[in-house]
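Structure, as structure tokens:
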Amino acid sequence: MPLQMRNGNESHFMDAIADRVVTDFGHPETFTDDPSLLTVILDLNPLGWYNIRNRTTVKEVTKSLIVFMNAHLSLNNSNRVAFLTASPSGARFLYPNTMSDQKDTANTLVNRGMYRQFRIVDETVLLELNNEFQAVAQTELTDYKSTVSGALSLALTYTHRMLTLDESISTTTASAISTSTNVASNSSAAGAGSTGASNLISMKSRILVVSPDDNDDIRYIPIMNSIFAAQKMKVSIDVVKLGSKDVSYLQQAADATNGVYLHVQNPEGLIQVLSTAYFIEPSLRPLVVLPTNSNVNYRASCFVTGKSIDLGFVCSVCLCIMSIIPDLGKCPTCQSEFDPNILSQLRRSPAVLPRKKRKVDPPNGTPAA
Amino acid sequence: MSANQFKATVNEYLEGLPPTIQSQLYEAPATCLSIFRLLTPIAKFFIMLMIFNERPQSVRDLDKWCRPQSKSLQYDALKRLKSLHLVEEDAGGNFLRLHMTFRKNFRDCLTGNQEATAFGNLCTEDDGHKVTVAFLDSFALQKWETILHYMVGTELPSKPSPSVLSLLKLGGLMEGPGTDARNLKITNSGFQFLLQDMNAQIWTLLLQYLNLTQDLNMDPVDVLNFLFVLGSLELGKSYYLSGLSDTQVSMLADLRDYGLVYQYSDQSDRFYPTRLATTLTSESASLKTPSMALDQAVDTSNGLDSGPGQGSIILETNFKLYAYTNSPLEIAILNLFVNLRTRFSNMVSGQITRESIRNALYNGITSDQIINFLETHAHPQMRALAKERLDKKVEFDASNNINTAGGGQNSSAQHKLEILPPTVVDQIKLWQLELDRIQAFEGYLFKEFASQQEFDVLCNYASDVGVLIWSDRTKMRFFVTKDGISQVADFANRKLKR
């Protein structure tokens, strides 16, 4: 009997060692240092920035963002950044930018001796940001709605191109475009054996939205579509919320895509927040505890008025959400006619029934009516 | 894989340097950047946590950032940072702070406050003998291929220079009497060297070079700084020699022999870094290995539309292998682990067998190296097919609501591009496992615990840290690796002596 025991132990011992071997083999692959793409979206909503003018300025935030982008580029030689603005004149790429070719002009915005990858990005962003300000100054601000949704979709399209196409050593969009056309012609001519598909890269990507906008009143559908697209592409959306209150749609965006949402009340030390809470690379996300709260407001917003609502009506055809019944009796999105009977039922003001007199003590006592 | 290997070797070298030399290294912003890039992702994250924070970082806060399953990676990262002296612990071991020089220089580097010439002294006026990027690529490739071809014994009109030969011999890649080009023969480690990625190969030679320079009384700080600066230069631009020290100028001649830099003549006052140099500190596993980039660049510059620059190998599920190549180098490498049968004018074919793989394994080549080689040299058609399969799988998972969105933990494992047939890959790995049925670990045995509880605490700690090799709960014994002993012993002293 003791011998039996011993044998049992022995085999257990062997198992333990055999297990080890297998885990040792799997170890290095579980933790790779893939290059990643960081897309920064800066919301230039004039009203939002005006409201927080006492606490910070676009200039201060841009400074922090540029250092943040440099830090991202410093992680890995193959890391990429993109910078977009969402302003009243529309969403636009500041970097990479095909329009500006003045790379080597005597540009004194940043130190000439700066590391070349940093310098190219920083110069372009600062220059284009100035142009953007001028464009914003000339735009009329009547009935302005946030263009963050547009910027998000631009960012996602760019991400998609970077993830799937062969992006060689050069970073300019011009080259990316030329490769894309090459690939297109190749694949149409030679079928599956195109060089573009051959060079598959495991690039990771994330998006950082910086917004001072306190307004919940946004184009809900495009935002939600972007969120779902990001979810499918496994792109995390991180949000830096400046300003005075949380905004539910940005919270939803971060929560649904495993991103970080923080409401930065005190933007003076923004670079500290950026270099800690927002510096979690996609490849690190499984290993690190994300600094975010799970208390997210998932309210939808009304398609007619744009307000977020708790209780509303839903079109049975297209699932469009309404807080009021539309006057025309048609769905505002898909134009399908609603049943007039049901509409009249819904429109009917609640009938007030005359109050029945309650008997205090029923003589027969029949509770089941 | 190979990227990690080369990073490991460079890191080991840096960690082995005495602290004073390490401090001197951190004086140069370019070196700070390069060393930062060589760290593991989690170590990079720790540095970023500390770099803009004026107060010292408490160890407990660092623990809070990490999930329990990443404990061992966290310890590993901190250990490396400490041996590089990038972080310093205070007396109680509760707070960490960054090396002051490193912190200042790296911050300056990020904010653009450093000296103008920290990243090379860029030539402002035009060169009389201007060269194009394509020329630099073919120059670098030609130099490097000469070395590799020489190693496999291809008859070539030009031989590598004596300095290269002595390096090859010093590194144990070639052996033979003297350093005469005809007497040297390739060794087993030389064959392993051939299987590596180009970036790893360069670093192997450069590390040998570093060892050599110490014997020649050259300042290792100067040498390393220059190598790291090279890695941050711009391809296709020329740089003045004026900012360089004498040591660095004398290095140029050697680096020219390896194809890392190009100079029009010995007396030229400027030099051009080639792609081999500018990708020194980048990930070779990333977007494009320097070799692939070079090949493509050379292909296009020659106007040859040979399509796939690098990939030429087709591997079938029945272990048959076809390689569209007539390069003696590639055939020689394939011959290491493939039983080559037929040779045609533009193709060789062969079979992977147990014997052929075993021969390679006996020569010290690992299964991972073989698989990695086949993967990086796979024919584009194989990649395209693999991608198609992957896309289908992703589509299937998506339509069946198998949720992998939001960077789930296993998503990367579930959706992996399988370029090579998995049967062959597994079989090669199994053939290797056949050979090492017994594995030896150096380490320490812990036994004779006072109580079960005491055993559990220590054993759990050891497995959290990732140094546990074996444990037996009933006998209350466990075995930890050689590196882990200090950590576990520290922990034991703290926990048990209270």
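Protein chains get the first letters and strands the later ones, always in sequence-line order, with residue 1 at the start of each.
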Legend entry - Spatial distance of atom CD1 (Ile51(B)) from atom OG1 (Thr276(A)) [nearest 0.5 Å]: 13.0 Å
Legend entry - pair Lys44(B)-Leu75(A): side-chain heavy atoms closer than 4.5 Å: yes
Inset, instruction - Could you grab the distance from atom OG of Ser275(A) to atom CZ of Arg107(B), nearest 0.5 Å is fine? - result: 9.5 Å
Inset, instruction - For residues Ile280(A) and Trp65(B), determine if any side-chain heavy atom of one lies less than 4.5 Å from a side-chain heavy atom of the other. - result: yes
Legend entry - Minimum-distance pair of heavy atoms, taken over all atoms of Phe106(B) and Ser74(A): CZ-OG, 3.8 Å
Legend entry - Test item: Phe52(B) and Leu274(A) side chains (from C-beta on) under 4.5 Å apart, heavy atoms: no
Inset, instruction - May I ask you to decide if Asn53(B)'s main-chain N or O and Gln272(A)'s side chain share a donor-acceptor pair within less than 3.5 Å? - result: no
Legend entry - chain A contact via Leu233(B) - side chain, backbone, both or neither, heavy atoms under 4.5 Å: backbone
Legend entry - Region of Phe279(A) that comes under 4.5 Å of a non-hydrogen atom in chain B: both
Legend entry - Contact check, side chains of Cys66(B) and Val289(A), non-hydrogen atoms, under 4.5 Å: no
Inset, instruction - Pull out the residues in residues 63-71 of chain A that come under 4.5 Å of chain B, heavy atom to heavy atom, sorted by number. - result: Val67(A), Asn70(A), Ala71(A)
Inset, instruction - With sequence neighbours excluded, tell me which residues meet side chain to side chain contact (heavy atoms under 4.5 Å, CB included) with Glu268(A). - result: Asn266(A)
